[in-house]
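This one's a predicted model, so the numbers in the text were calculated from it and none came from an experiment. Whatever order the structure lists them in is the order used to number ligands and atoms, beginning at 1.
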Amino acid sequence: MASGPCRAFALLLMLLVLPGCLLHRAAAQPSTPADEKQLLFQIKRAWGDPSVLAAWSGAGDHCAWPYVTCDASSGLVTNLSLPNTNVAGPVPDAIGNFSALTSLDLFNNSIDGTFPTSLYRCASLRYLDLSQNYLGGELPADIGTKIGKNLTSLILSGNYFNGTIPTSLSRLTNLQTLALDINSFVGTIPEELGELTGLQTLWLAQNTFAAGELPASFKNLTKLKSFGVSNCSLKGDIPAYVAAEMPELELLDLSVNAFTGSIPPGIWNLTKLQTLTLFGNNLTGRVVVDGPIGAVNLVMIDLTSNHRLTGSIRKPSVTSRNLQH
Ligand SMILES: *[C@@H]1O[C@H](CO)[C@@H](O)[C@H](O)[C@H]1NC(C)=O
Ligand SMILES: *[C@@H]1O[C@H](CO)[C@@H](O)[C@H](O)[C@H]1NC(C)=O
Ligand SMILES: *[C@@H]1O[C@H](CO)[C@@H](O)[C@H](O)[C@H]1NC(C)=O
Ligand SMILES: *[C@@H]1O[C@H](CO)[C@@H](O)[C@H](O)[C@H]1NC(C)=O
Ligand SMILES: *[C@@H]1O[C@H](CO)[C@@H](O)[C@H](O)[C@H]1NC(C)=O
Ligand SMILES: *[C@@H]1O[C@H](CO)[C@@H](O)[C@H](O)[C@H]1NC(C)=O
Ligand SMILES: *[C@@H]1O[C@H](CO)[C@@H](O)[C@H](O)[C@H]1NC(C)=O
Ligand SMILES: *[C@@H]1O[C@H](CO)[C@@H](O)[C@H](O)[C@H]1NC(C)=O
Ligand SMILES: *[C@@H]1O[C@H](CO)[C@@H](O)[C@H](O)[C@H]1NC(C)=O
């Protein structure tokens, strides 16, 4: 039992310490549902009070608002999903203060500015889709060391990002999807991306790369299901690893490059392959696929506009256009 003066001293101490404590916490991580409601208001204001966010108002539970999902037990926002909503302007800095955010989907809006480094503060982020917007400038060189380690999907397709692809992306070892296609990246495809051995989807198509070859390190991307490097200024032979080391491939798009040489015969043995597009290269040689081919699921082949590709493919269900040129 504390005596009178001692108790008074303890109380005084608490009064002195408590506000400082609260202030410190609020500055570091405002992660109460009430704070997060204020963040949503700030985001709405930053985007100019668009009509699509009219429901983000009033005294009700913000976890019931459209585009918002909260964790049931903590009441913290986990998902913000606003594809096709016409929201415009930069990614508001306040989004970085959602301490439990795992998924942000802003696909197909009018988001501009540069890559939002405020998202570095969302340590739990797993899924980030900023594709089909007006983002530009260079990706920060440290993106791969600063963004949440648990990121599994980074989808930046269809923007105006330029500069080189940061090699630090190779540090995001949980990535399953990396989509950087339809941007203005320059330089060549970094060898380091071959360290992302969990990748199932890798899209790099339609950038303004300098002439180069596919990195030898991609031999290690053995889990790829969807591999798109159309229009990437690639030259040299189609690497044998595409056929030999990527048994899960469902889509392979190597079109509109300067590949030479012949098609690795193992391609016809990729049992899961559905779509194969090799048009617009400089491939030569005879394609002879007779008898039962391994690629029983192949539904689309486009080998048009190559240099001197001849031969025949005997498989009635396959759509092959202009094989003989
Ligand atoms: C993008 O959003 C607009 C409306 O904002 C819609 O008309 C269009 O179909 C969307 N595009 C895609 C690819 O979903
Ligand atoms: C976000 O958190 C930072 C500190 O982590 C704080 O300084 C800032 O005021 C917060 N922003 C908003 C919009 O609440
Ligand atoms: C929330 O995001 C996670 C990925 O982080 C995803 O698996 C889940 O389906 C999303 N939930 C909703 C309701 O959109
Ligand atoms: C990352 O994922 C692991 C495994 O699911 C989980 O234990 C950890 O808490 C996550 N880290 C963050 C910062 O969310
Ligand atoms: C990169 O993008 C930024 C922002 O869109 C632009 O200002 C800059 O001129 C671009 N740089 C190059 C080399 O195209
Ligand atoms: C190839 O990419 C360039 C831009 O990098 C674009 O202008 C051109 O239309 C693309 N060509 C094809 C066939 O997609
Ligand atoms: C594939 O990964 C292994 C193990 O990390 C590494 O030793 C090897 O150099 C990589 N292969 C290529 C071609 O990069
Ligand atoms: C394709 O598979 C068949 C049957 O398993 C095998 O005989 C043939 O050598 C394989 N071809 C290549 C290029 O791997
Ligand atoms: C294709 O290769 C031939 C020689 O093999 C060469 O003359 C031609 O310029 C090449 N075309 C392209 C588009 O690379």
Side-chain angles (χ1 to χ4, degrees), residues 25 28-33 36-37 39-40 43-44 47-56 61-91 95-112 116-135 142-160 168-169 171-183 196-201 203 205-206 225-226 228 230 251:
R25 277 195 153 190
Q29 191 177 69
S31 53
T32 71
E36 296 203 334
K37 187 172 187 179
L39 291 175
L40 291 170
I43 289 163
K44 182 185 175 187
W47 279 335
D49 281 313
S51 55
V52 73
L53 297 182
W56 288 15
D61 176 13
H62 62 278
C63 291
W65 290 351
Y67 320 120
V68 180
T69 308
C70 297
D71 176 68
S73 57
S74 67
L76 295 175
V77 172
T78 55
N79 296 39
L80 288 173
S81 185
L82 298 99
N84 311 312
T85 47
N86 267 321
V87 291
V91 174
I95 286 189
N97 284 25
F98 289 104
S99 56
L101 196 68
T102 63
S103 173
L104 177 63
D105 184 357
L106 295 173
F107 164 73
N108 189 30
N109 286 294
S110 296
I111 302 296
D112 57 21
T117 52
S118 52
L119 296 175
Y120 291 173
R121 305 201 300 270
C122 303
S124 305
L125 199 62
R126 288 173 185 272
Y127 183 92
L128 178 60
D129 187 349
L130 300 174
S131 59
Q132 291 284 110
N133 280 292
Y134 298 92
L135 289 157
D142 60 3
I143 183 172
T145 54
K146 294 282 178 63
I147 206 164
K149 287 277 163 292
N150 281 353
L151 200 66
T152 58
S153 297
L154 179 60
I155 305 169
L156 303 176
S157 318
N159 281 287
Y160 296 92
S168 72
L169 288 174
R171 306 288 285 274
L172 296 172
T173 50
N174 288 305
L175 274 186
Q176 293 171 7
T177 297
L178 178 61
L180 303 176
D181 53 307
I182 320 182
N183 276 289
L196 295 170
T197 53
L199 282 181
Q200 296 177 11
T201 298
W203 293 345
Q206 215 165 311
K225 293 181 177 171
S226 185
S230 174
L251 179 148

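- A search for disulfide bond (SG atoms under 2.5 Å apart) contacts involving C70 returns C63, not counting sequence neighbours.
- Under 4.0 Å from any atom of ligand 4, one finds heavy atoms of residues A123, S124, R126, N150.
- Listed by chain and number, the residues in a salt bridge (Lys or Arg N to Asp or Glu O under 4.0 Å) with K149 amount to none (sequence neighbours excluded).
- Atoms of ligand 1 lying under 4.0 Å from at least one heavy atom of N84, given by number and element, are 1 (C), 2 (O), 10 (C), 14 (O).
- Look at T69 and you'll find a heavy atom under 4.0 Å from some atom of ligand 3.
- For ligand 1, the atoms closer than 4.0 angstrom to any heavy atom of N86 are 5 (O).
- For the atom pair OG1 (T102) and CG (L151), the distance works out to 11.0 Å, reported to the nearest 0.5 Å.
- Atom numbering of ligand 3 starts at 1 in the shown order; those under 4.0 Å from a heavy atom of N79 are 1 (C), 2 (O), 3 (C), 8 (C), 10 (C), 11 (N), 12 (C), 14 (O).
- At under 3.5 Å, a nitrogen or oxygen of N108, whether backbone or side chain, sits near a nitrogen or oxygen of ligand 1.
- More than 12 heavy-atom neighbours from other residues, nucleotides or ligands sit within 6.0 angstrom of NZ on K44.
- No more than 12 heavy atoms of other residues, nucleotides or ligands shown are found within 6.0 angstrom of CZ on R171.
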* Step by step, work out the side-chain hydrogen bond (donor to acceptor under 3.5 Å, both in side chains) result for N109 and T85. => CA-CA 6 Å; N109 286 294; T85 47; 3.0 Å; yes

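- In the displayed structure, Y120 atom OH is contacted under 6.0 Å by more than 12 heavy atoms of other residues, nucleotides or ligands.
- When atom types are taken as modelled, the side chain of N133 and the backbone of L135 share no donor-acceptor pair closer than 3.5 angstrom.
- Below 4.0 Å from some heavy atom of S103 lie the following atoms of ligand 3, by number and element: 1 (C), 2 (O), 4 (C), 5 (O).
- Scored by the salt bridge (Lys or Arg N to Asp or Glu O under 4.0 Å) test, D71 finds no partners at all (sequence neighbours excluded).
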